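Below, read A as the first sequence line, B as the second, and so on, with proteins coming before strands; counting in each chain starts at 1. Keep in mind that this is a model prediction, so the values were computed, not measured.
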Amino acid sequence: MEKFIDQCEDFPRELIRWYSSNRRNLPWRDTNDPYKIWLSEIILQQTRVAQGMDYYNKFVSKYPKVNDLAAATEEEVLKDWQGLGYYSRARNLHHSAKMIVEEHSGEFPDEYNSIIKLKGVGEYTAAAIASFAFNQDYAVLDGNVFRLLSRFFGIKTPIDSTQGKKEFSKLAQSLVPKDDAATYNQAIMEFGALQCTPVNPDCSSCPLQSKCFAYEHDIIKDLPLKEKKVKVQDRFLNYLIIQSSDQLLLNKRTQEGIWKNLFDFPLIESSSSLKYLELEKNKDFISIFKETDFSLEAESDERKHLLSHRRLYCKFYHFKVDEFSTDLLSKYRAVPVSELPQYPVPKLIENYLGEETNLLSLFK
DNA sequence: CAACCGTGGAT
DNA sequence: TATCCAAGGTT
């Protein structure tokens with residue numbers, strides 16, 4: 001790190017100075033409660049402040065203490081998390097709340113090495129909690145910090161490589177001012193979020209401009225470097241909404257993977273977009289309706305739903321049956337339409353159910 | 001350790 | 001419309 005010494009000199013102080021006059025007032029900055037800081041950090045993982053704000057307020061008000069969260073059911077917590085995505089965060093949050101109650105007597109762990117043992121808490125989040133709540137000297141290394149360090153010091157090691165993690169981590173830690181990690185960590189992240197943004201950073205007003213390597217060499221837009229890029233796969237989902245009188249069948253997604261422990265409908269996945277006449281020949285379709293008279297009531301257009309790593313093409317089919325077979329009831333849960341809103345569902349399902357015209361056939 | 005895990009805003 | 005990617009973590 002010797003080659004950076006000249007640049008390092010005023011770096012932390014400059015950031016803290018900038019922070020003192022440019023910081024946003026965010027609710028999780030008004031507290032030293034490690035529980036609330038933890039909540040905010042989990043919510044904000046890979047999530048913008050604007051998107052997470054309402055969820056943070058809801059969780060703090062509904063679950064003011066860690067015991068309240070631990071006392072809830074996972075299903076309730078998932079329902080509260082609905083729409084925020086990355087649902088393992090909610091499952092881990094709930095799991096860790098119970099850990100804290102059972103293994104720490106409800107007292108939030110106050111040391112980095114204990115904090116990082118919580119499920120869903122990795123190096124970044126442990127450093128954030130340890131520094132914000134307990135002012136311990138751990139450097140946070142998130143996307144903002146990677147970007148700022150990469151540009152300011154001109155580091156071209158890919159930030160998503162093992163080497164990059166080591167290199168940036170060492171540099172980040174060397175920059176943390178002793179006894180002021182809390183303020184400094186907030187400052188460097190806020191600077192990345194507001195000033196040194198991924199696209200169109202405001203270099204013209206940047207207090208670090210004169211010492212910024214990337215600005216000097218006009219490579220701001222090239223840094224930070226990443227080596228991996230996600231390939232997006234297409235998936236084709238055919239949802240069967242099967243109704244008997246005022247009830248329909250829900251599927252709890254208990255398997256590992258996307259939307260685990262959320263609910264959706266009986267699902268037939270296909271390798272391409274299917275017409276109904278093709279769907280009808282599908283082995284799983286036949287298996288679902290064997291020995292059951294059914295009638296197709298309605299069919300949606302194909303709807304596209306985008307995930308970070310998938311393009312989903314979804315169709316919904318409404319069916320009516322006289323009664324659910326015991327076979328169906330062993331695989332699915334019969335739920336009165338009126339009770340649908342209490343089940344946690346993926347955004348895709350929430351969107352569909354939210355369009356009332358899609359529900360008309362359920363009441364015919 | 002590469003792949004997986006959501007959603008929404010910006011460009 | 002397509003792509004990027006945001007206060008990452010787990011397997």
Side-chain angles (χ1 to χ4, degrees), chain A residues 23-24 26-29 36-56 78 81-93 95-96 115-132 138-148 158-166 168-169 172 182 185-194 196-201 221 224 226-235 253 255-262 264 304-312 344-351:
Chain A
R23 58 173 290 189
R24 291 167 290 182
L26 301 172
W28 44 88
R29 288 184 174 155
K36 292 181 182 171
I37 290 170
W38 171 56
L39 259 183
S40 73
E41 289 303 331
I42 301 299
I43 287 172
L44 291 173
Q45 286 171 3
Q46 297 289 285
T47 303
R48 296 170 199 282
V49 165
Q51 195 187 352
M53 183 71 77
D54 290 345
Y55 288 86
Y56 174 80
L78 282 171
W81 199 271
Q82 180 177 310
L84 196 52
Y86 285 152
Y87 296 94
S88 66
R89 292 183 293 173
R91 296 190 301 269
N92 290 334
L93 190 74
H95 183 271
S96 293
I115 296 170
I116 201 170
K117 289 193 173 72
L118 299 172
K119 263 196 166 182
V121 174
E123 288 180 17
Y124 160 75
T125 304
I129 299 171
S131 63
F132 299 168
Y138 289 91
V140 290
L141 184 52
D142 71 338
N144 292 308
V145 179
F146 271 119
R147 185 171 59 255
L148 176 54
I159 61 174
D160 56 352
S161 65
T162 305
Q163 176 59 27
K165 272 191 166 183
K166 277 171 61 179
F168 281 93
S169 177
N185 278 339
Q186 302 255 15
I188 191 170
M189 286 197 296
E190 189 78 336
F191 191 88
L194 299 182
C196 195
T197 51
V199 181
N200 299 326
K221 66 179 188 319
K226 290 188 184 179
E227 57 184 11
K228 309 176 180 74
K229 46 184 105 177
V230 284
K231 44 190 174 201
V232 179
Q233 292 178 29
D234 290 337
R235 290 281 177 86
R253 303 178 56 91
Q255 68 277 24
E256 290 300 319
I258 191 167
W259 301 321
K260 184 185 174 187
N261 289 356
L262 276 69
D264 58 4
K304 186 155 74 161
H305 186 81
L306 298 176
L307 308 178
S308 54
H309 57 306
R310 298 278 184 270
R311 262 187 308 264
L312 304 180
V345 298
K347 193 68 180 175
L348 165 67
I349 304 292
E350 179 190 346
N351 289 345

S.K.: Between A:T162 and A:R310, which has a closest nucleotide on DNA chain B that is more 5'?
M.R.: A:T162
S.K.: Less than 3.5 Å apart, which donor and acceptor atoms pair up between the side chains of residues 115-130 of chain A and the rest of the protein, not counting sequence neighbours?
M.R.:
{"residue": "A:K117", "atom": "NZ", "partner": "A:N113", "partner atom": "O", "Å": "3.2"}
{"residue": "A:Y124", "atom": "OH", "partner": "A:E41", "partner atom": "OE1", "Å": "2.7"}
{"residue": "A:T125", "atom": "OG1", "partner": "A:Q45", "partner atom": "NE2", "Å": "3.0"}

S.K.: For the pair made of CD1 in A:I159 and P in C:dA7, what is the distance, rounded to whole Å?
M.R.: 11 Å
S.K.: Tell me the interatomic distance from A:L262, atom CG, to B:dC5, atom C1', rounded to whole angstroms.
M.R.: 12 Å
S.K.: Round to the nearest Å and state the distance from A:L118 atom CG to C:dG8 atom P.
M.R.: 18 Å
S.K.: Atom CZ of A:F146 and atom P of C:dA6: how far apart are they, to the nearest Å?
M.R.: 12 Å
S.K.: Could you report the tightest heavy-atom contact between A:R89 and A:L84, atom names first, then the distance?
M.R.: NH2-O, 3.2 Å
S.K.: If you find the nucleotide of DNA chain B closest to A:V230 and the one closest to A:L306, which residue's nucleotide is nearer the 5' end?
M.R.: A:V230
S.K.: Taking the side chain of A:Q233 as its heavy atoms from C-beta onward, which of B:dG6, B:dC4, C:dA2 lies nearest to it?
M.R.: B:dC4
S.K.: Can you tell me how far apart CG (A:L44) and CE (A:M53) are? Round to the nearest 0.5 Å.
M.R.: 8.5 Å
S.K.: Whole angstrom is fine here: how far is it from CD1 in A:I258 over to C1' in C:dG9?
M.R.: 16 Å
S.K.: Could you please name the option among C:dA7, B:dT7, C:dT3 that lies closest to any side-chain atom of A:M189?
M.R.: C:dA7
S.K.: At under 4.0 Å, does any side-chain N or O of A:K231 touch on OP1 or OP2 of B:dA3?
M.R.: yes
S.K.: Could you work out, with salt bridge (charged side-chain N to carboxylate O under 4.0 Å, His left out) as the rule, every residue matching A:R29, not counting sequence neighbours?
M.R.: A:E190
S.K.: At under 4.0 Å, does any side-chain N or O of A:Y86 touch on OP1 or OP2 of B:dC4?
M.R.: no
S.K.: If you look at every heavy atom in A:K347 and A:G83, which pair is closest and at what distance?
M.R.: CD-CA, 4.2 Å
S.K.: With respect to the side chain of A:Y124, which nucleotide from C:dG9, B:dC5, C:dA2 is positioned closest?
M.R.: C:dG9
S.K.: Which parts of residues 39-53 of chain A get close to DNA chain B, meaning a heavy atom less than 4.0 angstrom away?
M.R.: A:Q46, A:T47, A:R48, A:Q51
S.K.: Is a side-chain N or O of A:E350 found less than 3.5 angstrom from the main chain of A:V345, in a donor-acceptor match?
M.R.: no
S.K.: Consider the side chain of A:N92, meaning its heavy atoms from C-beta on, and name the nucleotide among C:dT10, C:dA2, B:dT11 that approaches it most closely.
M.R.: C:dT10
S.K.: Taking all heavy atoms of A:M189 and all of A:F132, pick out the closest pair and write down the distance.
M.R.: CE-CZ, 3.4 Å
S.K.: Answer yes or no: side-chain N or O of A:S308 and base N or O of B:dG6 forming a donor-acceptor pair under 3.5 Å.
M.R.: yes
S.K.: Strictly below 4.0 Å: does A:H309 bring a side-chain N or O up to OP1 or OP2 of B:dC4?
M.R.: no
S.K.: Could you please name the option among C:dA7, B:dT7, C:dA2 that lies closest to any side-chain atom of A:W28?
M.R.: C:dA7
